[in-house]
Amino acid sequence: MKVLVFDNYDEASAQAAQLVEAQVLENAQSVLGLATGSTPIGLYKNLIEGVKTRGVSYKNVSTINLDEYIGLPTDHSESYHTFMAENLFNHIDIAIDNTYVPNGMAVSPEEECVRYEEIIDRVGPIDLQILGIGTNGHIGFNEPGTDPESLTHVVELVASTRESNARFFPSIDDVPTHAVTTGIKSILKSKKIILIASGASKAEAVKQLLSKEISQDFPASYLWNHDDVTLIVDQDAYSLV
Ligand code: GLP
């Protein structure tokens, strides 16, 4: 794991964007694995800027998102479909048919998981996967205890994750209880992985990750089993290392 430490969130985001743009410039048909949450917003702002000012094009790029809440309609303000449209897809020249996010409204979420894993294998392999990290070490929605052999699956969100995400909803009761997430094995199929961690709230998680102890209690630790991971952190997130 390569570790890059930056003074602040803006610099970390700019560096992540540089790596994504390098990937797209190297292969115009790249497949990008994308994440939601507050962390990648700065990266996405930089990518939008890159289209407008640096002539980067996503016309032939495909994207595969990590996860989606179960039970939120695609056009719900807090669905990850809406998040991706508002924070990235609406502002770049990507073909929306080439963007994939799990369907949280599928009649059978289990069948949706099988369909989505097939997309990962058919459209992929993902060239570059972007990840954030939960304060408990979750990646995607792979909570502590997730099987390292997991493919796309249905998860029940743990209380701390629902509490963290409650800030986006009118109340904690409105936060969905379940999600579809790509699994740890699905994520590790990616050729390259970038994990971004920013802010003091992630300092414990970054410390735990860099202890190199691989454990089911800390899903991000399985990234040590991959040979091309770059951790991009800011000083606040790195402060306990
Ligand atoms: C969310 C997402 C993850 C994300 C994480 C951290 O619940 N499912 O993909 O990485 O939690 O979110 P944030 O970047 O807002 O701290």
Side-chain angles (χ1 to χ4, degrees), residues 6 8-10 12-13 16-17 32-46 63-72 76-84 86-88 100-102 104 109 113 116 120 126 128-146 150 152-169 172 174-184 186-188 190 193-209 218-223 229-234 236-238:
F6 293 89
N8 54 50
Y9 175 67
D10 287 348
S13 299
L32 303 177
L34 299 181
T36 52
S38 332
T39 308
I41 290 179
L43 156 65
Y44 297 154
K45 283 202 174 114
N46 277 273
T63 64
I64 300 179
N65 263 76
L66 284 169
D67 46 20
E68 178 60 287
Y69 290 115
I70 289 180
L72 294 191
H76 186 282
S77 63
E78 297 309 327
S79 77
Y80 287 164
H81 278 83
T82 300
F83 176 98
M84 290 312 301
E86 288 180 349
N87 288 293
L88 186 64
Y100 300 90
V101 181
C113 293
Y116 203 70
I120 295 172
I126 289 170
L128 179 57
Q129 173 70 57
I130 302 298
L131 294 177
I133 186 169
T135 48
N136 62 0
H138 76 227
I139 48 176
F141 269 133
N142 292 286
E143 302 282 19
T146 304
S150 55
T152 303
H153 60 287
V154 172
V155 283
E156 179 169 6
L157 303 178
V158 300
S160 63
T161 297
R162 292 186 69 235
E163 279 155 21
S164 295
N165 292 358
R167 65 192 194 276
F168 301 113
F169 291 84
I172 182 120
D174 298 299
V175 183
T177 54
H178 291 76
V180 169
T181 184
T182 60
I184 291 173
S186 327
I187 291 170
L188 294 181
S190 311
I193 298 174
I194 292 176
L195 173 65
I196 311 169
S198 161
S201 66
K202 300 295 169 66
E204 274 294 344
V206 168
K207 181 182 169 198
Q208 179 63 36
L209 176 64
F218 194 80
S221 65
Y222 289 112
L223 295 173
V229 178
T230 303
L231 171 65
I232 295 182
V233 280
D234 62 14
D236 288 344
Y238 196 67

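All residue numbers refer to positions in the sequence shown, counting from 1. Counting starts at 1 for both ligands and their atoms, in listed order.
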Do any N or O atoms from the side chain of Lys202 and from the backbone of Gly134 form a donor-acceptor pair under 3.5 angstrom?
-> no

Please confirm whether the backbone N or O of Thr182 pairs with a side-chain atom of Asp67, one donor and one acceptor, at under 3.5 Å?
-> no

Counting only non-hydrogen atoms and a 4.0 Å cut-off, the residues near ligand 1 are Thr36, Gly37, Ser38, Thr39, Asp67, Tyr80, Gly132, Ile133, His138, Gly140, Phe141, Asn165, Arg167, Lys202

Mind checking whether Phe141 and Tyr69 have parallel, tilted or perpendicular rings, split at 30° and 60°?
-> tilted

May I ask you to check whether Tyr116 and Tyr100 place their ring centers less than 6.0 Å from one another?
-> no

OG1/Thr36 to NE2/His81 distance, rounded to the nearest 0.5 angstrom?
-> 11.5 Å

Go through the steps for Ile187 and Asn142 under the test side chain to side chain contact (heavy atoms under 4.5 Å, CB included), then give the verdict.
-> CA-CA 10 Å; Ile187 291 170; Asn142 292 286; 3.8 Å; yes

